[in-house]
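As structure tokens, the structure follows; a few thoughts come after it.
A, B, ... follow the sequence lines: proteins, then strands. Residue 1 opens every chain. Remember, predicted model here, so these are calculated numbers, not experimental data. Side chains included, hydrogens not; waters and symmetry mates left out as well; all remaining heavy atoms used.
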There are 2 protein chains.
Amino acid sequence: MNATPPPPRYVAIAEALRARILAGDWPPGHPIPTEASLMAEFGCSRMTVYRALWGLAEAGLITRRRRAGSHVAAPRREEAVFGIHDIEAEIARSGAPYRYERLSRALRPAGRAERARLGLAGPAEVLALGARHFAGPRAFVLEDRLIHLAAVPAARSESFATVPPGRWLLSHVPWNEAEHRISAEPAGAFEAAALAIPRGAPLLVLARRTWSGEVPVTAVRLCYPGPDYALVGRFRPGG
Amino acid sequence: MNATPPPPRYVAIAEALRARILAGDWPPGHPIPTEASLMAEFGCSRMTVYRALWGLAEAGLITRRRRAGSHVAAPRREEAVFGIHDIEAEIARSGAPYRYERLSRALRPAGRAERARLGLAGPAEVLALGARHFAGPRAFVLEDRLIHLAAVPAARSESFATVPPGRWLLSHVPWNEAEHRISAEPAGAFEAAALAIPRGAPLLVLARRTWSGEVPVTAVRLCYPGPDYALVGRFRPGG
DNA sequence: GAGTGGTCTAGACCACTGA
DNA sequence: CAGTGGTCTAGACCACTCA
């Protein structure tokens, strides 16, 4: 009957607040109680509360400002989750006009491969989307996405004809865990046609799966044409 | 004459310790003074020292254990700097025998393109290396590396005939800042021959530049054949 | 100006673990 | 078992910034 040792109180406080944020009780922008009131709520000193809030701020879940107080942070850009500054941000900076085009939309029970892609064990309904993103006249990324409707019921009635699903999802399921997989693959017939490149040309493929808690939310495959685009990241051991 | 506001004391303490580690005064494994002695050295309370050491531990520069004290951490694997668990680790786990083969070695003044690759303004001497890494009979990565000899003089007398330069560099210049660039490119004649793949086949190219402080150390270009390999990373907003 | 977070102090007790 | 780090307290002063 060995009980696990109780976590430090600052961890317990941070987890309690994190749970309320992840559950959606506190949406982005919602104020966090002040340190003084958290001291009263949890019956501990201010340093302990401070340390809990510090961890949440460092993790990016909340923002803290003097006098203004602490608030649930606005969700980061989907791409920024990777810790990598990527192409779309560069394109936005370059000033080329951005355009989104939906190619396909289908609502259906998930097939075997689709369940595997989302990491689902049992039957489920999915929304399958195909789309292109343009910088100026040029398609710079091809998107192939599955959305797990049980996790995001509101997506069922969304057409995604003009709103990119990535952006829409961020505003509806802001806090995710994500897994990324980057590989290089030859363009198939579909990719080649959609991106206006030769068949067999190299594609930079970024596959991302996201969860909210334990529930799979979406699986997306982004194909970038050839050597024109790259993911860039900068890191220091010292942070 | 506005002086910049002084940094918090815990930041100043952390920077002082970080400088000694990055300068190599304290090699990996070297003990960090105890909190008590740092309190005396910097004339502050234990919480302040603790916070400085906490930041360094979180950044991975030091390890902390009760009773044993704090020590400079062993350098992370080069690939782990990316925060990405990659192929080579998987290959090691799969049990396939690893083999390294040097293809070329040249000591020369850096040309214009090489200076640009390293991010050097003025003239410099470089060691240019070509190598292959095998998993069993199969070449899984082609390496093309420049080493800035002024930053790592000891490399001049190293043949790298049997020791992979990445591993050698880690043990000689353990603490780096790194920039990564990932792209997909078609295999040229040289890459195709070296990796035994068709010309034009997709390559996953990881280009990494590292600095020690402000000094460029090395620039490496790693080519992974086609869709067989992928970089995988997992991230949570909550850390 | 008042209330918030950011930093800091001078203690304290505890858990862990290497000598 | 003694010394280390991990946590916590009950204060304090300051900087910033919104009302």
Side-chain-base donor-acceptor pair under 3.5 Å for A:Arg46 and C:dG6: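 Indeed, a donor on one side and an acceptor on the other fall under 3.5 Å apart.
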Under 3.5 Å donor-acceptor pair, A:Arg66 side-chain atoms to D:dC16 base atoms: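 In this structure, the two groups form no donor-acceptor pair.
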Quick one: is [N] close enough that its OP1 or OP2 comes under 4.0 Å of any side-chain N or O from [X]?
{"X": "B:Tyr10", "N": "C:dT7", "result": "yes"}
{"X": "B:Thr48", "N": "C:dT9", "result": "yes"}
{"X": "A:Ser70", "N": "C:dT4", "result": "no"}

First encountered from the 5' end of DNA chain C, between A:Tyr50 and B:Arg65: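 Upstream on the strand: A:Tyr50.
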Test: A:Glu143 and A:Arg167 ion pair at under 4.0 Å: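 Not counted as a salt bridge, because no side-chain N and carboxylate O are separated by less than 4.0 Å.
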In whole Å, I'd like the distance from the [atom1] atom of [X] to the [atom2] atom of [N].
{"X": "B:Glu35", "N": "D:dT4", "atom1": "CD", "atom2": "P", "answer": "10 Å"}
{"X": "A:His71", "N": "D:dT17", "atom1": "NE2", "atom2": "C1'", "answer": "13 Å"}
{"X": "B:Arg51", "N": "C:dG6", "atom1": "CZ", "atom2": "C1'", "answer": "7 Å"}
{"X": "A:Trp54", "N": "C:dC8", "atom1": "CH2", "atom2": "C1'", "answer": "13 Å"}
{"X": "B:Arg64", "N": "C:dT17", "atom1": "CZ", "atom2": "C1'", "answer": "15 Å"}
{"X": "B:Met47", "N": "C:dA10", "atom1": "CE", "atom2": "P", "answer": "13 Å"}
{"X": "B:Met39", "N": "C:dC8", "atom1": "CE", "atom2": "P", "answer": "14 Å"}

B:Tyr224 and B:Phe140 aromatic ring geometry - parallel, tilted or perpendicular at 30°/60° bounds: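 The arrangement is tilted - the two ring planes meet at 30° to 60°.
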Identified salt bridge (charged side-chain N to carboxylate O under 4.0 Å, His left out) counterpart of A:Glu35 within the set A:Arg66, A:Arg64, A:Arg51: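 Single pass found, and it is A:Arg64.
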Member of A:Ile13, A:Ile62, A:Leu61 meeting the side-chain contact (heavy atoms from CB on, under 4.5 Å) criterion with A:Arg18: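 Only match with A:Arg18 under side-chain contact (heavy atoms from CB on, under 4.5 Å): A:Leu61.
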